[in-house]
Structure formats: structure tokens, C-alpha cells
Amino acid sequence: MAKNIKALKCPHCGSVKKQAIKEDHYLCNNCGTEYYLDNDDININIKHNYNTPNTWQWNDSNKKNLVILFIFVAAIILVPLFVNLFSNTNQTVISPVIPETPIEKEKGYRDYVSDFIFNSNLAKDNVIILMRMQRRFDNRDLQKEQSFIRFYDWNTGKVLSDIQMKNWSEGNYLRYRTFDNGKTYIIPDKINRIYEANFDKQTITDVTEQLFNNVPEFSSGIATMEFFYVNEGDGFKIMTNDGKEFFYFPGPDLIFKEYSAVRKINKGKNTLKPNAVEVPKYIFSIKSSDYPDEKIQLLKYWYRYNLGYPYERPYRLQWKKEYQYPKGSGIFIGTFPYKKKLFTDTRIRKFIDLTPDRLYFDPKIEYQDSTELIISGFPNANPESNRFIQKIDTNDGKVLWTFNAHPEGKYRLDDELIPFKGGIIMHLFLSNSSSNNRIVQIDQTGKIVKEVDVIKAIENNTP
């Protein structure tokens with residue numbers, strides 16, 4: 001049967017962020033609801049489990065039970081009355097005072113949070129969490145729904161501020177990037193605006209005009225915008241209203257019409273400027289087709305580049321045969337010499353295998369900077385085993401601590417993870433818990449020292 005293409009939203013919370021768990025079955029990354037699709041008209045069905053009790057029937061046994069229950073209840077009510085009637089009338093009877101449970105006035109709405117961005121301050125003694133918050137009203141009036149940016153203090157557990165974003169809607173999930181200059185930029189999906197988030201002041205500022213107003217090529221207006229490729233520099237991909245595509249790097253104020261022009265200056269040491277910087281970086285190699293016996297390696301390399309300019313850091317790195325073909329053009333037939341190569345860019349001055357004696361299975365670098373390295377992976381080749389998280393010494397490759405499993409069962413690590421003096425903070429989804437959306441702090445020994453239920457502690461919090 002044919003399927004009509006429609007935007008799929010979680011029927012519980014309305015989020016578009018999801019993961020496919022099998023064909024036409026999805027798990028909401030925001031609230032954890034599992035839902036699936038019918039064909040043709042694409043009905044969205046929520047998966048619930050109900051325990052249906054047996055139907056109560058009127059029989060002699062049940063009649064007897066009802067009579068006993070009636071006598072028991074009557075005794076409880078009548079006995080105190082008789083005691084009061086025949087007791088001394090001058091005695092004051094003190095009845096226990098049961099305090100009334102305060103009933104919170106209905107707010108008329110509920111807040112949902114998603115799209116977390118973690119940021120540690122300069123001293124790294126605290127983490128401020130930015131998140132997108134959607135306010136939905138009980139009358140389900142979509143016109144009244146409100147979007148906010150919420151700043152949350154991890155140490156105190158308090159909401160610092162809620163900033164209403166008047167031109168946003170629920171489908172505007174956040175894409176963000178922290179540039180080398182330390183500024184964090186946010187591009188909401190389906191909105192052609194760029195915002196700068198200031199975590200120290202808890203502000204968010206529209207900087208679209210500041211970045212683009214003085215660029216003549218954008219005079220017709222911007223149709224779409226997104227960040228430039230993650231491993232290739234602090235820039236933007238822009239499509240203007242007249243259908244022209246550009247690659248713009250605001251630091252040096254460079255604009256390119258063709259991607260091939262970007263590649264001419266993003267590789268090779270000959271394109272380095274006198275003030276180029278060198279930084280240590282980390283990458284896992286992948287299985288090699290040319291050298292299948294080479295194991296996956298955790299590599300530390302020293303990379304030189306121009307701040308703000310395009311660059312091209314290694315991606316899907318593997319050992320290869322670099323053939324020495326004859327110079328000139330034409331078709332060459334025969335056997336040619338080759339060299340075994342891993343890195344080919346001359347901007348990489350050197351590299352080392354940081355953990356030469358280790359085996360890795362589906363490894364991933366979760367966080368890296370000049371002094372911190374956090375990785376994850378499976379302990380063996382079984383893809384159903386629990387994924388570990390480890391902090392690695394960036395000098396000698398030793399494991400400083402390991403987090404093996406959450407006490408409530410299997411978890412999935414979201415993209416957000418950041419180290420600070422108190423250890424690391426990460427966003428987890430638990431697969432076997434009714435309260436599955438958690439932010440967890442692990443200390444410097446790999447132990448959980450603080451855990452926050454996103455829905456209970458953050459969504460219901462107010463500044």
C-alpha cells in the first residue's frame with residue numbers, strides 16, 4: 001500500500017525527535033513513548049499495556065461477603081456514637097485535627113523540555129544547562145502554545161531564567177555549535193535566524209543581522225541556513241532567496257560560492273598562516289579494507305590550522321595503500337609501488353597510538369578538549385552488552401575511571417556530555433524505567449553522585 005509522507009510527531013509530547021526501533025516503530029527521544037504507524041492514512045498508535053480485571057459476578061459467595069462488609073462498616077460508625085451517649089456529659093471530647101492537604105491551583109498548562117546544551121564555566125566548578133521548553137495549555141489551543149529557552153543551574157537545581165521565544169514553535173528543535181572563539185550559536189530548525197547563547201549572563205540574542213547584514217551576497221534575503229560541516233571549520237551554509245548557495249566564515253569574513261574553493265585552502269601546510277595554532281586531537285580509526293588485520297586504534301594527533309578559517313580534520317580514518325602512480329595523464333596498467341598510510345594531510349605534524357594494547361568494539365569519542373578525553377564503547381563484540389563510559393588520561397592512555405552500568409538497567413547515552421570539577425554530567429535514556437529521561441553526574445571515580453529526573457525536577461521547576 002502507498003504511504004503518504006507526513007511529519008511524524010510523538011502523540012504524547014509532540015516532539016519530532018525520535019529513533020526507529022524497527023520498521024514503522026519509533027521511540028520518542030523526548031518522553032520515551034513508543035509508537036507505531038498504520039499504512040495508508042498513517043494512523044499513529046501509542047503502545048499501552050492494560051491489565052483487564054475479571055468481571056465481577058453476583059453469586060451467593062459475593063452476597064455473603066457483602067453482608068460481612070456491611071456489618072463491619074456499621075460497627076465502626078455506631079460504636080463511637082454509643083460510647084459518647086453513655087459517657088460523662090461534663091467530659092470534653094477532643095477530636096483529632098487532620099490538616100488539610102494543600103491543593104495546588106491548576107496552572108492550566110504543562111511545560112516540556114528537550115534539546116539540552118551543557119556548558120561549564122571558566123572555573124569548571126559548575127554546569128549551566130540550556131534547554132528548549134514548550135508550554136502546552138490544557139485546552140489544547142495550539143495558537144496559545146509558547147516556546148522558551150530555559151537556563152538551569154546544575155549545582156543548585158534551580159531554574160535561573162525562562163526566556164520566551166515569540167517566533168518559535170514546537171517543531172523548532174535546536175542545532176548548535178560552539179566556535180573556537182568560545183561563542184555558542186543556535187539555529188532553530190525551520191527558522192532562518194542565528195542566536196548567541198551567553199551562559200554566564202543567561203541570555204540569548206538574535207545575531208543574524210550582526211553576522212550577515214554587511215555581506216552583499218545575502219542582499220536578496222536568506223532562504224535557508226545551517227552550520228558548515230562539523231569537522232571543517234566555524235562557518236555557515238547559506239541559501240539565498242534567489243537560489244544561490246554560499247559558504248560563509250564570519251571570523252575572517254570569507255565567502256565562497258563553490259565547495260571546491262573551500263577545499264583549496266583547508267588542507268596542506270602551505271596554506272597555514274604565520275599565526276596558525278597547533279592543538280592535540282583524538283580520533284578512533286575504523287576497520288581498513290586495504291589492511292583488514294589492523295585493529296581499531298585510539299589515536300592522538302597534533303593538528304595545525306588557521307583560527308576561524310576552513311579546515312578539514314580527519315574523518316573515518318583508516319590505514320590505506322597510497323599508490324605511487326606515474327606523473328602525467330593517461331591510463332596506466334601494471335603493478336605500482338605503494339606506501340602504507342594513515343594520515344595524509346601535511347597539517348598533521350605527528351600522531352601516536354594512545355592505547356596500543358587495547359581492543360575496541362564500536363568505540364566513540366564522547367568529549368574531547370586539550371586536557372579531557374571521554375570515550376564509550378562495548379566491552380566485547382556482543383552489541384547487546386552494556387555500553388561503558390571511560391575517562392582516559394590524555395598523556396599515557398590509562399583508564400582513570402569506568403562507568404559500566406546504571407543500577408536501573410540498560411541506558412542510551414544522548415549526545416550531551418561535559419566534564420567539570422565534579423566529574424562529568426551526561427544525558428541518559430533508561431530503557432527499562434518508567435522515569436527514563438535522566439541527567440546524571442558521575443564523580444572522578446566513576447560513581448553516580450547526583451541524578452535528576454528531567455520531567456519531575458526540571459519540567460515542573462519554575463524560576
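Note that Arg135 lies in the cation-pi zone of Phe148, set by a 6.0 Å cut-off to the ring centre and a 45° limit from the axis. Because its NZ or CZ atom is not both nearer than 6.0 Å to the ring centre of Trp401 and within 45° of the ring axis, Lys447 does not count as a cation-pi partner of that residue. Cation-pi geometry between Arg387 and Phe378 is met: the NZ or CZ atom falls under 6.0 Å from the ring centre, inside 45° of the normal. In this structure, Arg313 satisfies the cation-pi test against Tyr305, with its NZ or CZ atom closer than 6.0 Å to the six-membered ring centre and inside 45 degrees of the ring normal.
When atom types are taken as modelled, the side chain of Ser285 and the backbone of Gln297 share a donor-acceptor pair closer than 3.5 angstrom. No donor-acceptor pair under 3.5 Å is formed between the side chain of Gln134 and the backbone N or O of Tyr112. Remark: the backbone N or O of Gly268 is paired with a side-chain donor or acceptor of Asp345 at under 3.5 angstrom. At least one donor-acceptor pair closer than 3.5 Å links the side chain of Lys450 to the backbone N or O of Trp154. Checked by atom type and distance alone, the side chain of Lys300 pairs as donor or acceptor with a backbone atom of Thr394 at under 3.5 Å. In terms of modelled atom types and a separation under 3.5 Å, the side chain of Thr178 and the main chain of Gly182 share no donor-acceptor contact. Not one N or O on the side chain of Lys320 forms a donor-acceptor pair closer than 3.5 Å with the backbone of Thr344. With hydrogens and angles disregarded, a donor-acceptor distance shorter than 3.5 Å links the side chain of Thr346 to the backbone of Lys269. Of the possible donor and acceptor atoms, none in the side chain of Asp443 sits under 3.5 Å from a partner among the backbone N and O of Val449. At distances below 3.5 Å, at least one donor-acceptor pair connects side-chain atoms of Asn306 with backbone N or O atoms of Thr271.
Between Phe116 and the options Val454, Ile425, Asp415, Leu174, a side chain to side chain contact (heavy atoms under 4.5 Å, CB included) holds for only Val454.
The minimum heavy-atom distance between Ile204 and Tyr195, with the atom names listed, is CG1-CB, 3.7 Å. For Phe403 against Met426, the heavy-atom pair with the smallest separation is CE2-CE, 3.7 Å.
Glu232 and Tyr259 are linked by a side-chain donor-acceptor pair at a separation below 3.5 angstrom, with hydrogens and angles left out of the test. Of the N and O atoms on the side chains of Asn386 and His406, not one donor lies less than 3.5 Å from an acceptor on the other residue. Of the N and O atoms on the side chains of Thr205 and Glu196, not one donor lies less than 3.5 Å from an acceptor on the other residue. For the residue pair Thr402/Gln390, the side-chain donor-acceptor check at 3.5 Å is satisfied. Using modelled atom types, one finds a donor on one side chain and an acceptor on the other under 3.5 Å when comparing Tyr360 with Thr355. Side-chain atoms of Asp153 and Asn126 form a donor-acceptor pair, as typed in the model, at a separation below 3.5 Å. Side-chain contact of Trp168 with Glu145: a donor-acceptor pair under 3.5 Å is absent, judged by distance alone. Looking only at atom types and distance, the side chain of Asp290 has no donor-acceptor partner in the side chain of Ser288 under 3.5 Å away. Counting only N and O atoms by type, the side chains of Tyr229 and Asn231 include no donor and acceptor under 3.5 Å apart.
By the 4.0 Å N-to-carboxylate-O rule, Lys340 lies close enough to Glu294 to be salt-bridged with it. Of the charged side-chain nitrogens involved, at least one lies within less than 4.0 Å of a carboxylate oxygen, so that Asp206 and Arg193 count as a salt-bridged pair.
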**side chain to side chain contact (heavy atoms under 4.5 Å, CB included) between Phe249 and Phe236, intermediate numbers included** = CA-CA 7 Å; Phe249 296 82; Phe236 303 94; over 6 Å; no
Report the C-alpha separation of Lys398 and Asp393 in whole Å, then their side-chain angles, then the decisive distance to 0.1 Å, and conclude whether the salt bridge (Lys or Arg N to Asp or Glu O under 4.0 Å) test is met.
CA-CA 5 Å; Lys398 291 181 180 178; Asp393 190 304; over 6 Å; no
Legend entry - Derivation of the side chain to side chain contact (heavy atoms under 4.5 Å, CB included) call for Leu417 and Ile424: CA-CA 7 Å; Leu417 180 152; Ile424 68 167; 3.9 Å; yes
Next on the checklist: Could you go through Glu226 and Arg175, starting from their C-alpha distance and side-chain angles, then the distance that decides it, and tell me whether this counts as salt bridge (Lys or Arg N to Asp or Glu O under 4.0 Å)?
Outcome noted: CA-CA 8 Å; Glu226 58 185 288; Arg175 297 167 292 182; 5.2 Å; no
**salt bridge (Lys or Arg N to Asp or Glu O under 4.0 Å) between Glu217 and Lys257, intermediate numbers included** = CA-CA 10 Å; Glu217 288 84 353; Lys257 293 182 179 180; over 6 Å; no
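Under the side-chain contact (heavy atoms from CB on, under 4.5 Å) criterion, Pro314 pairs with Ile283, Tyr301, Leu317, Phe343, Ile348, not counting sequence neighbours.
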